[in-house]
Participant: 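Submitted below is the structure of interest, expressed as structure tokens.
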Amino acid sequence: MAKKIQPRIYKGTRDFLPEQMVKRQYVIQILKTIFEKYGFEPLETPTIELWETLSGKYGEEADRLTYRFVDRGKREVGLRYDLTVPLSRVIAMYPQIPKPFKRYQIQPVWRADKPQKGRFREFYQCDVDIVGSPSVLADAEIIAIIYESLTALGFQQFKIRVNSRKILFGITEVSGAGMDRELEVCRAIDKMDKIGIEGVKQELQEREIPPAAIQKILGALSIEGDNQTRLNHIAAYLQESETGKAGVAEMQQLFEYLSYYQIPDSALTLDLFLSRGLDYYTGPIYETVVEEPKIGSITGGGRYDNLIGLFSGQDQPATGSTIGLERIITVMEELNMFPEDLRTPVQVLVTVFDESTLPYSIRIARELRAAGLNTDLYTGKSKLRGQFGLANDKGIPIVVIAGPEEQAAEAVNVKDMRSGNQQTVPVSDAAEVIRQLLSAKTG
RNA sequence: GUGAGUGUAGCUCAGUUGGUUAGAGCACCAGGUUGUGGCCCUGGGGGUCGGGGGUUCAAGUCCCCUCACUCACCCCA
């Protein structure tokens with residue numbers, strides 16, 4: 001025998017065993033259904049992109065965290081860091097795609113950072129984006145789909161935080177912090193809920209923002225009250241900034257649109273401290289946070305009107321959000337939000353009594369399969385006892401016995417593993433009986 | 001890249017001031033049950049105590065180095 005290689009796995013990556021896959025597919029299925037209900041169409045793009053496609057789009061930090069290789073032909077390539085940049089490349093490459101274009105995309109992305117709780121090197125993202133609409137109606141659609149998605153998955157305590165990069169830029173501009181300091185200022189105030197207002201102040205000082213400017217920035221941001229009150233307050237600060245005023249106007253419009261979607265106020269908040277890390281956002285930005293467990297944001301996105309222009313030379317308005325599949329699953333697991341019986345897609349195990357009744361078992365399996373039941377036919381060597389053990393271990397709810405007695409009577413014995421009850425029924429009734437047992441327990 | 005912590009069976013862990021043959025629970029296998037899982041009972045397999053070096057009559061235990069993993073910072077989903 002060859003020397004054994006220790007089975008190991010690359011740090012930050014995971015195998016998804018069937019029991020986990022069933023949960024993942026449950027979540028993905030619900031999301032897909034909603035995405036399509038909102039008129040979004042599917043898209044997939046390659047794992048590997050040319051380095052020039054990926055580099056310089058996200059910011060310095062993200063560039064550093066992008067997996068990068070040289071292929072055999074000495075071409076520089078990388079693994080995609082997110083789904084937004086590949087989408088932008090697609091839009092630029094296929095200008096004939098009718099706009100506005102609403103697409104969803106569910107694929108893994110890769111980031112070369114150190115793994116920790118709720119954070120991996122390979123993980124799935126679910127993105128929904130609308131390309132070709134400059135209207136905040138598109139942003140409202142995205143926020144509405146986030147709300148419906150989370151609600152459908154059973155989330156009850158969550159807040160969609162909304163802000164505008166234009167407002168943040170305006171505040172920086174008016175404060176006199178200096179040109180091109182917007183992103184630094186954004187990054188500092190983004191840490192508000194982590195380090196508090198004093199921490200933000202200190203952060204800004206360390207970045208050598210003039211004290212007077214810091215004063216103004218914090219003054220503009222620290223105002224209590226409902227969304228409208230804070231918008232009015234900030235509007236007063238932004239009289240001198242065209243960008244800022246535009247930001248206020250689009251927030252007004254956005255909240256008006258959102259009111260028509262009937263999203264409850266409790267799930268929606270204007271958060272002037274929200275900033276988002278990536279460089280490419282230009283307008284409304286949004287993310288979703290849950291109080292428990294502490295895991296950071298579970299969705300994040302915003303408008304990026306200048307990104308596609310980097311590929312096509314012509315800007316194309318676009319907005320969208322990532323729905324963080326991994327974190328959603330983590331939260332759902334910790335809060336026990338998955339249905340109890342979500343262990344295997346197999347509904348029925350047809351046992352094999354012995355060689356002589358095997359043809360009968362095959363026939364039963366064939367008929368149950370034809371009736372649309374997910375049916376496993378036992379292919380191993382164990383006796384009945386072992387076959388029942390397998391059904392138990394996998395969580396298969398129904399076991400069918402087709403032994404000599406049953407065969408003689410043109411019948412099968414149907415056992416419900418959950419209750420322990422069993423009954424002998426004619427073959428012709430088997431599928432219907434099983435179907436009823438399955439729906440009785442779950443419905 | 002920075003800081004902290006943890007490494008003993010497949011998993012979770014116990015292991016006394018250093019002392020003889022390293023344990024438990026769970027999981028796995030077999031039997032109790034030649035037509036029936038879970039619960040129970042009996043038995044069984046499984047360990048280079050992360051690796052290397054040192055101190056000692058004696059090291060899972062003490063010291064040094066190293067590797068791996070985890071958590072946090074940064075950043076993010």
Participant: Which residues pass the side-chain hydrogen bond (donor to acceptor under 3.5 Å, both in side chains) test with A/Tyr286, sequence neighbours left out?
Facilitator: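 A/Asp139, A/Thr319.
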Participant: Give me, pair by pair, the N or O atoms of the protein and of nucleotides 74-77 of chain B that are less than 3.5 Å apart, along with how far apart they are.
Facilitator:
| from | atom 1 | to | atom 2 | distance (Å) |
| --- | --- | --- | --- | --- |
| B/rC74 | N4 | A/Gln116 | NE2 | 3.4 |
| B/rC74 | N4 | A/Arg119 | NH1 | 2.3 |
| B/rC75 | OP1 | A/Lys191 | NZ | 3.2 |
| B/rC75 | OP2 | A/Lys191 | NZ | 3.3 |
| B/rC75 | O2 | A/Arg119 | NH2 | 2.3 |
| B/rC75 | N3 | A/Arg119 | NH1 | 3.3 |
| B/rC75 | N3 | A/Arg119 | NH2 | 2.0 |
| B/rC76 | OP1 | A/Gly277 | N | 3.4 |
| B/rC76 | OP1 | A/Gly277 | O | 3.2 |
| B/rC76 | O3' | A/Arg111 | NH1 | 3.4 |
| B/rC76 | O2' | A/Arg111 | NH1 | 2.4 |
| B/rC76 | O2 | A/Arg327 | NH2 | 2.8 |
| B/rA77 | OP1 | A/Arg276 | NH2 | 3.0 |
| B/rA77 | OP2 | A/Arg276 | NH1 | 3.4 |
| B/rA77 | OP2 | A/Arg276 | NH2 | 2.6 |
| B/rA77 | O3' | A/Ser297 | O | 2.6 |
| B/rA77 | O3' | A/Ser297 | OG | 3.1 |
| B/rA77 | O2' | A/Ser297 | O | 2.7 |
| B/rA77 | O2' | A/Arg327 | NE | 2.8 |
| B/rA77 | O2' | A/Arg327 | NH1 | 2.7 |
| B/rA77 | N7 | A/Arg111 | NH1 | 3.3 |
| B/rA77 | N6 | A/Phe120 | N | 3.3 |
| B/rA77 | N6 | A/Phe120 | O | 2.9 |
| B/rA77 | N1 | A/Phe120 | N | 3.0 |

Participant: Can you sort out the partners of A/Glu148 under side-chain hydrogen bond (donor to acceptor under 3.5 Å, both in side chains), two or more places apart, ordered by chain and number?
Facilitator: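 A/Glu148 satisfies side-chain hydrogen bond (donor to acceptor under 3.5 Å, both in side chains) with A/Lys37, A/Tyr38 once adjacent residues are dropped.
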Participant: Residues two or more places apart in sequence or in another chain: which of them pass side-chain hydrogen bond (donor to acceptor under 3.5 Å, both in side chains) with A/Asn421?
Facilitator: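 Listed in chain order: A/Ser419.
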Participant: Considering residues at least two apart in sequence or located in another chain, which fulfil the side chain to side chain contact (heavy atoms under 4.5 Å, CB included) criterion with A/Val77?
Facilitator: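 Partners of A/Val77 under the side chain to side chain contact (heavy atoms under 4.5 Å, CB included) test: A/Ile48, A/Leu50, A/Phe69.
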Participant: Near RNA chain B, counting only heavy atoms under 4.0 Å, which residues of residues 28-43 of chain A show up?
Facilitator: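 Heavy-atom contacts with RNA chain B come from no residue of residues 28-43 of chain A; none.
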Participant: Let me check I have this right: for RNA chain B, each base becomes ., (, ), [, ] or |, based on Watson-Crick or G-U pairs with both distances under 3.5 Å. What is the full string?
Facilitator: (((((((..((((.....[...)))).(((((.......))))).....(((((..]....))))))))))))....
Participant: Each nucleotide N or O in nucleotides 5-7 of chain B that has a protein N or O under 3.5 Å away: list the pair and distance.
Facilitator:
none

Participant: Say you draw a straight line from CD1 of A/Ile97 to CG of A/Leu43; how long is it, rounded to the nearest 0.5 Å?
Facilitator: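 Going from the CD1 atom of A/Ile97 to the CG atom of A/Leu43 covers 7.5 Å.
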Participant: Which pairs, protein N/O on one side and nucleotides 32-42 of chain B N/O on the other, fall under 3.5 Å?
Facilitator:
| from | atom 1 | to | atom 2 | distance (Å) |
| --- | --- | --- | --- | --- |
| B/rU33 | O2 | A/Arg385 | NH1 | 3.3 |
| B/rG35 | O6 | A/Glu405 | N | 3.2 |
| B/rG35 | O6 | A/Glu405 | OE1 | 3.2 |
| B/rG35 | O6 | A/Glu405 | OE2 | 3.0 |
| B/rG35 | N1 | A/Glu406 | OE1 | 2.8 |
| B/rG35 | N1 | A/Glu406 | OE2 | 3.0 |
| B/rG35 | N2 | A/Glu406 | OE2 | 2.7 |
| B/rU36 | O2 | A/Lys415 | NZ | 2.8 |
| B/rU36 | N3 | A/Gln422 | OE1 | 2.8 |
| B/rU36 | N3 | A/Gln422 | NE2 | 3.1 |
| B/rU36 | O4 | A/Gln422 | OE1 | 3.2 |
| B/rG37 | OP1 | A/Arg385 | NH1 | 3.3 |
| B/rG37 | O2' | A/Asn392 | ND2 | 3.1 |
| B/rG37 | N7 | A/Lys415 | NZ | 3.0 |
| B/rG37 | O6 | A/Lys415 | NZ | 3.3 |
| B/rG37 | N1 | A/Met417 | O | 2.6 |
| B/rG37 | N2 | A/Asn392 | OD1 | 3.1 |
| B/rG37 | N2 | A/Met417 | O | 2.6 |
| B/rG37 | N3 | A/Asn392 | OD1 | 3.2 |
| B/rG38 | O4' | A/Asn392 | ND2 | 3.2 |

Participant: Going by salt bridge (Lys or Arg N to Asp or Glu O under 4.0 Å), name the residues that satisfy it together with A/Lys201, two or more places apart in sequence or in a different chain.
Facilitator: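 Residues passing salt bridge (Lys or Arg N to Asp or Glu O under 4.0 Å) with A/Lys201: none at all.
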Participant: Kindly write out the residues that satisfy salt bridge (Lys or Arg N to Asp or Glu O under 4.0 Å) with A/Asp393, not counting sequence neighbours, or none if the list is empty.
Facilitator: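 Once residues adjacent in sequence are excluded, A/Asp393 has no partner under the salt bridge (Lys or Arg N to Asp or Glu O under 4.0 Å) criterion.
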Participant: Scan residues 47-56 of chain A for pairs that pass side-chain hydrogen bond (donor to acceptor under 3.5 Å, both in side chains), counting only residues two or more places apart or in two chains.
Facilitator: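 Of all non-adjacent pairs touching residues 47-56 of chain A, those that pass side-chain hydrogen bond (donor to acceptor under 3.5 Å, both in side chains) are A/Glu49-A/Arg89.
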